[in-house]
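Hydrogens, waters and symmetry mates play no part in the numbers below; they use all other heavy atoms, side chains included. Model, not experiment: these values are computed from the prediction.
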Amino acid sequence: MKYVDEFRDESVARRYAGRIRSAVTRPWTIMEICGGQTHTIVKYGIESLLPEGLTLVHGPGCPVCVTPLEMIDRAVAIAARPEVLFASFGDMLRVPGSGKDLLTVKAEGGDVRIVYSPLDAVALAQRRPEREVVFFAVGFETTAPATAMAVLRASQLGLKNFSVLCSHVLVPPAIDALLSSPANRVQAFLAAGHVCTVMGYEDYRPLAARHRVPIVVTGFEPVDLLQGVWLAVRQLESGRAEVENQYARAVRPEGNRRARQLLDDVFEPADRAWRGLDTIPRSGYRLRDAFTGYDAERRFETAGVATQESPLCIAGQVLRGVKKPHDCPAFGTSCTPERPLGAPMVSSEGACAAYYHYRSYSSGPY
């Protein structure tokens, strides 16, 4: 399959692993931002190909994982209302809130639906005018354009029974927050290729220059990631701090102009809380004034929702790259995919889920 099989070629992967080993002369720590990249790294045993002293740490690149607990609790409170039809992507249903998850709300009689597109939720609102249809809008810049399209479509149709619970977040401010932390140990980043497909990578240049860190836009297959690591290591060893694009087959510097214009038309930047990273200024989206009628937080009162994190869960430290999943005392015992304590064990892009599913047999790459 073009653009897949060739990026899973074992001989090419080993060739890049050899280049990395030849280039590394000192310890380095590199963070991959995307949870999909994390799953590839763990599934294919990529770390086993790297030289001792070169450490990969896993960042806050799982959209389910970084959705803060208070937003999950708001979703649960709204979904439990009898007049609400609550629509969500499936991976959000089992993320634990303070007391219950959305799947439990559904089991208790709440009308919770899995959709595959925000436009599916708009169609539900058209078919069910007697219900308040709320779409749970989570994710990075990759999924935000589809939410913007849904809001725009609902506006064009004049729907009064549709709203979104918006928890979209932006990658560059999160990178800035991580690098500004006194506890930071990351020296280079592998940026998420799909985010940059939408947004481009010009916004990363000031971050690389200000913090003196290489940032390499990287794809999601094993060879992609090894190429990304090699490019990052070359910069680190030569003292450079630039933005490079490994994922050139999909990413342009300016990104997708039409998608970016749609985002600008519907959303504006806003401060946003992240699980494990607290509130980061201008790190998320909120609806512009022209579309505030579609804001579920304004439509439904959720200010009194109280949150309580599990004291056993170290999801925040995992998302900051401070610890790895196996450092958690609850990992694989009291926290499993069937009974998760935190979002990283639930999500298909969560680091804890990757370690749980693949770590036991990922001693080699293929």
Side-chain angles (χ1 to χ4, degrees), residues 3 31-38 59-67 89 117-118 137-152 164 166-180 186 188-211 213-221 224-225 227-228 231-232 241-274 277 280-288 291 319 349:
Y3 299 141
M31 173 180 280
E32 82 278 358
I33 285 291
C34 175
Q37 293 170 335
T38 300
C62 162
V64 176
C65 304
V66 301
T67 303
F89 297 137
S117 163
V138 302
F140 291 93
E141 297 95 327
T142 41
T143 55
T147 300
M149 179 62 75
V151 171
L152 195 61
V164 297
C166 186
S167 190
H168 285 300
V169 289
L170 309 175
V171 172
I175 292 178
D176 193 28
L178 287 167
L179 291 173
S180 300
V186 178
F189 283 92
L190 305 183
H194 47 15
V195 170
C196 295
T197 300
V198 175
M199 303 301 290
Y201 52 82
E202 295 299 334
D203 289 346
Y204 294 88
R205 295 192 192 280
L207 291 173
R210 183 165 66 253
H211 293 286
V213 295
I215 300 176
V216 180
V217 179
T218 307
F220 307 92
E221 298 299 332
D224 284 322
L225 287 156
Q227 284 180 336
L231 291 171
E242 303 168 4
V243 176
E244 290 188 83
N245 182 17
Q246 181 276 332
Y247 203 40
R249 65 187 186 275
V251 173
R252 299 182 178 91
E254 72 280 5
N256 184 320
R257 287 195 176 100
R258 294 185 67 182
R260 294 185 67 172
Q261 184 60 56
L262 179 62
L263 291 172
D264 288 342
D265 290 344
V266 176
F267 294 118
E268 62 185 5
D271 298 350
R272 181 67 67 186
W274 294 55
L277 294 174
I280 303 174
R282 297 175 64 82
S283 67
Y285 281 133
R286 68 182 172 203
L287 294 170
R288 290 191 179 275
F291 299 102
L319 293 170
E349 294 189 4

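Judged purely by atom type and a 3.5 angstrom limit, Glu32 has no side-chain atom pairing as donor or acceptor with the backbone of Phe189. Judged purely by atom type and a 3.5 angstrom limit, Arg272 has no side-chain atom pairing as donor or acceptor with the backbone of Leu170. Glu141 places a side-chain N or O within 3.5 Å of a backbone atom of Val171 that can act as its donor or acceptor partner. With hydrogens and angles ignored, the 3.5 Å screen pairs a side-chain donor or acceptor of His168 with a backbone N or O of Gly139. A donor-acceptor pair is defined here as one N or O able to donate and one able to accept, closer than 3.5 Å; no such pair exists between the side chain of Glu244 and the backbone of Ala232.
Residues Cys166 and Phe267 approach most closely at SG-CE2, 4.0 Å, considering heavy atoms. Here the shortest heavy-atom pairing between Val164 and Ala137 reads CB-CB, 4.5 Å. Between Cys34 and Phe220, the shortest heavy-atom contact is SG-CE2, 3.6 Å. Nearest heavy-atom pair across Pro63 and Glu349 is CD-OE1, 3.4 Å. Between Leu152 and Leu262, the closest heavy-atom pair is CD2-CD1, 3.8 Å. Minimum heavy-atom separation, Ala208 to Ala241: O-CB, 3.8 Å.
In this structure, CG on Leu263 lies 9.5 Å from CD on Gln261, to the nearest 0.5 angstrom. Put simply, CG on Leu231 and CD1 on Ile215 are 13.5 Å apart, with the number rounded to the nearest 0.5 Å. Distance check, rounded to the nearest 0.5 Å: CZ of Arg252 to CG of Asn245 gives 11.0 Å. To the nearest 0.5 Å, the span separating CD on Gln246 from CG on Asp224 amounts to 4.0 Å. In this structure, CH2 in Trp274 is found 11.5 Å from SG in Cys65, a value given to the nearest 0.5 Å. Rounding to the nearest 0.5 angstrom, the gap separating the CG atom in Asp176 from the CD1 atom in Ile280 is 9.0 Å.
At least one side-chain heavy atom of Leu178 sits under 4.5 Å from a side-chain heavy atom of Pro60. Taking the side chain as every heavy atom from C-beta outward, Gln37 and Leu225 approach each other to under 4.5 Å.
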(message) Run the side chain to side chain contact (heavy atoms under 4.5 Å, CB included) test on Leu319 and Leu277 for me, step by step, so that the C-alpha distance in whole Å, both residues' side-chain angles and the decisive distance to 0.1 Å come before the verdict.
(response) CA-CA 8 Å; Leu319 293 170; Leu277 294 174; 5.7 Å; no
Counting only pairs under 3.5 Å, give me each side-chain donor-acceptor contact of residues 192-205, with atom names and distances, residues two or more places apart or in other chains.
unit_1, atom_1, unit_2, atom_2, d
Thr197, OG1, Gly193, O, 2.8
Glu202, OE1, Arg205, NE, 2.9

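In this view, Arg282 satisfies the salt bridge (Lys or Arg N to Asp or Glu O under 4.0 Å) rule with no residue, not counting sequence neighbours.
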